[in-house]
Amino acid sequence: MAKKKSNKPASRAAAKSRATKKSAQAKSPARKGAAKASARKKLSASGRAQARPRRIVPKQRVAISHHRDEDFKADGLRAYAKYRDLGIADATGGLARAHVIRLIGPCNPEEVSKLHFHDVDFQMVYVLKGWVKTYMEGQGENLMKEGSSWTQPPRIRHLIMDYSDDVELLEVILPADFKTVELAA
């Protein structure tokens with residue numbers, strides 16, 4: 001009499017092996033990639049899937065900048081400040097800008113305290129030396145001292161109220177070129 005063939009594996013090891021093979025087939029890169037790709041597509045008004053446009057990132061290179069007093073120039077956004085460009089804009093193809101800002105003392109609130117905003121994607125400021133008193137819409141007045149940092153969301157209305165004679169700030173902005181809009185008080 002011939003033995004009847006069973007669909008059951010002969011051992012636990014064989015059962016585990018069979019389960020692993022089925023699991024691997026279900027998670028194959030081709031299936032997984034297709035599922036992810038279709039999940040990322042947005043639907044148009046007609047209900048058809050649209051691929052998300054890819055952001056083009058410019059080629060970047062290393063930027064090295066060493067401190068030299070003669071590199072501070074009065075050629076930036078504000079007449080009461082000197083800027084030391086750190087070479088980030090050139091190195092990133094305009095993706096970002098970073099500079100050290102020395103505000104020239106003593107502070108003249110009539111010149112400095114003008115409400116404005118920047119049309120940026122990102123802006124961060126870090127106090128290297130001294131202190132600066134700012135106003136930001138929704139935050140009120142803030143005294144930022146050496147070691148303090150803050151971000152300014154895109155288009156937030158803000159102004160500088162006062163600063164110490166020795167203040168230096170590190171500012172990082174994306175993109176490198178942006179518009180500043182001064183507002184009537």
Side-chain angles (χ1 to χ4, degrees), residues 36 39-42 51-185:
K36 276 187 178 179
R40 279 184 261 176
K41 292 181 181 175
K42 293 181 180 179
R52 219 180 333 158
R54 292 215 181 260
R55 196 177 100 195
I56 298 171
V57 179
K59 185 173 172 79
Q60 298 180 36
R61 62 177 173 74
V62 173
I64 297 173
S65 178
H66 298 285
H67 179 268
R68 296 178 336 149
D69 274 340
E70 60 267 24
D71 289 337
F72 283 88
K73 311 273 189 233
D75 61 355
L77 182 63
R78 305 283 177 217
Y80 54 86
K82 289 188 176 183
Y83 299 81
R84 182 179 140 227
D85 182 60
L86 300 179
I88 306 299
D90 289 339
T92 63
L95 182 67
R97 176 176 305 282
H99 47 229
V100 177
I101 306 169
R102 280 184 181 162
L103 300 179
I104 302 165
C107 176
N108 177 358
E110 288 181 18
E111 180 183 11
V112 171
S113 300
K114 296 185 178 166
L115 192 63
H116 64 283
F117 69 83
H118 307 291
D119 195 11
V120 298
D121 294 330
F122 174 81
Q123 182 177 15
M124 187 278 292
V125 183
Y126 181 87
V127 182
L128 297 166
K129 282 174 40 176
W131 57 267
V132 61
K133 187 174 183 181
T134 66
Y135 165 82
M136 286 183 281
E137 185 176 51
Q139 299 298 308
E141 296 177 11
N142 291 285
L143 179 63
M144 306 296 191
K145 301 176 187 176
E146 184 175 322
S148 298
S149 70
W150 69 96
T151 58
Q152 291 183 172
R155 301 177 65 92
I156 189 171
R157 297 165 185 237
H158 63 281
L159 58 84
I160 292 176
M161 300 175 73
D162 197 6
Y163 55 82
S164 64
D165 291 350
D166 65 341
V167 70
E168 283 191 11
L169 311 168
L170 170 65
E171 185 175 51
V172 179
I173 307 159
L174 281 80
D177 296 320
F178 59 92
K179 211 170 23 167
T180 296
V181 178
E182 292 213 3
L183 304 164

Atom [atom1] in [X], atom [atom2] in [Y]: separation rounded to 0.5 Å?
| X | Y | atom1 | atom2 | result |
| --- | --- | --- | --- | --- |
| L169 | M144 | CG | CE | 10.5 Å |
| R155 | Q123 | CZ | CD | 13.0 Å |
| Q139 | W150 | CD | CH2 | 12.5 Å |
| K145 | W131 | NZ | CH2 | 10.5 Å |
| D165 | L103 | CG | CG | 10.5 Å |
| K133 | Y163 | NZ | OH | 15.0 Å |

Ignoring hydrogens and angles, tell me if any N or O in the side chain of [X] forms a donor-acceptor pair with the backbone of [Y] under 3.5 Å.
| X | Y | answer |
| --- | --- | --- |
| H116 | H158 | yes |
| K73 | E70 | yes |
| T134 | L159 | no |

Checking side-chain contact (heavy atoms from CB on, under 4.5 Å) for the pair D121/F178: CA distance, chi angles, key distance, verdict?
CA-CA 9 Å; D121 294 330; F178 59 92; over 6 Å; no
Please find the pair of heavy atoms, one from [X] and one from [Y], that lie closest to each other, and give the distance.
| X | Y | answer |
| --- | --- | --- |
| S65 | L86 | OG-CD2, 3.6 Å |
| A63 | A91 | CB-CB, 3.6 Å |
| M161 | C107 | O-SG, 4.0 Å |
| A96 | A176 | O-CB, 3.5 Å |
| Y83 | D75 | CB-OD1, 4.5 Å |
| P153 | T151 | CD-O, 3.8 Å |

After noting the C-alpha distance and the side-chain angles of E137 and F117, does the key distance pass the side-chain contact (heavy atoms from CB on, under 4.5 Å) rule?
CA-CA 10 Å; E137 185 176 51; F117 69 83; over 6 Å; no
Using a cut-off of 6.0 Å, state whether more than 12 heavy atoms not belonging to E110 lie near its atom CD.
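Not more than 12 within 6.0 Å, no.
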Basic-acidic side-chain contact under 4.0 Å: E168, R102:
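Counted as a salt bridge, because a side-chain N and a carboxylate O are separated by less than 4.0 Å.
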Do the side-chain N and O atoms of E171 and H99 include a donor-acceptor pair separated by under 3.5 angstrom?
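Distance-only check passes for E171 and H99.
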Judged by modelled atom types alone, do Q152 and H118 share a side-chain donor-acceptor pair under 3.5 Å?
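No, H118 and Q152 have no side-chain donor paired with an acceptor closer than 3.5 Å.
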Between H66 and D71, is a side-chain contact (heavy atoms from CB on, under 4.5 Å) present by the stated rule, with each step listed?
CA-CA 9 Å; H66 298 285; D71 289 337; over 6 Å; no
Beyond-backbone contact of D85 with R97, side-chain heavy atoms, under 4.5 angstrom
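Yes, close enough: below the 4.5 Å cut-off.
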Could you go through the side-chain contact (heavy atoms from CB on, under 4.5 Å) check for D119 and V181 one step at a time?
CA-CA 8 Å; D119 195 11; V181 178; 5.9 Å; no
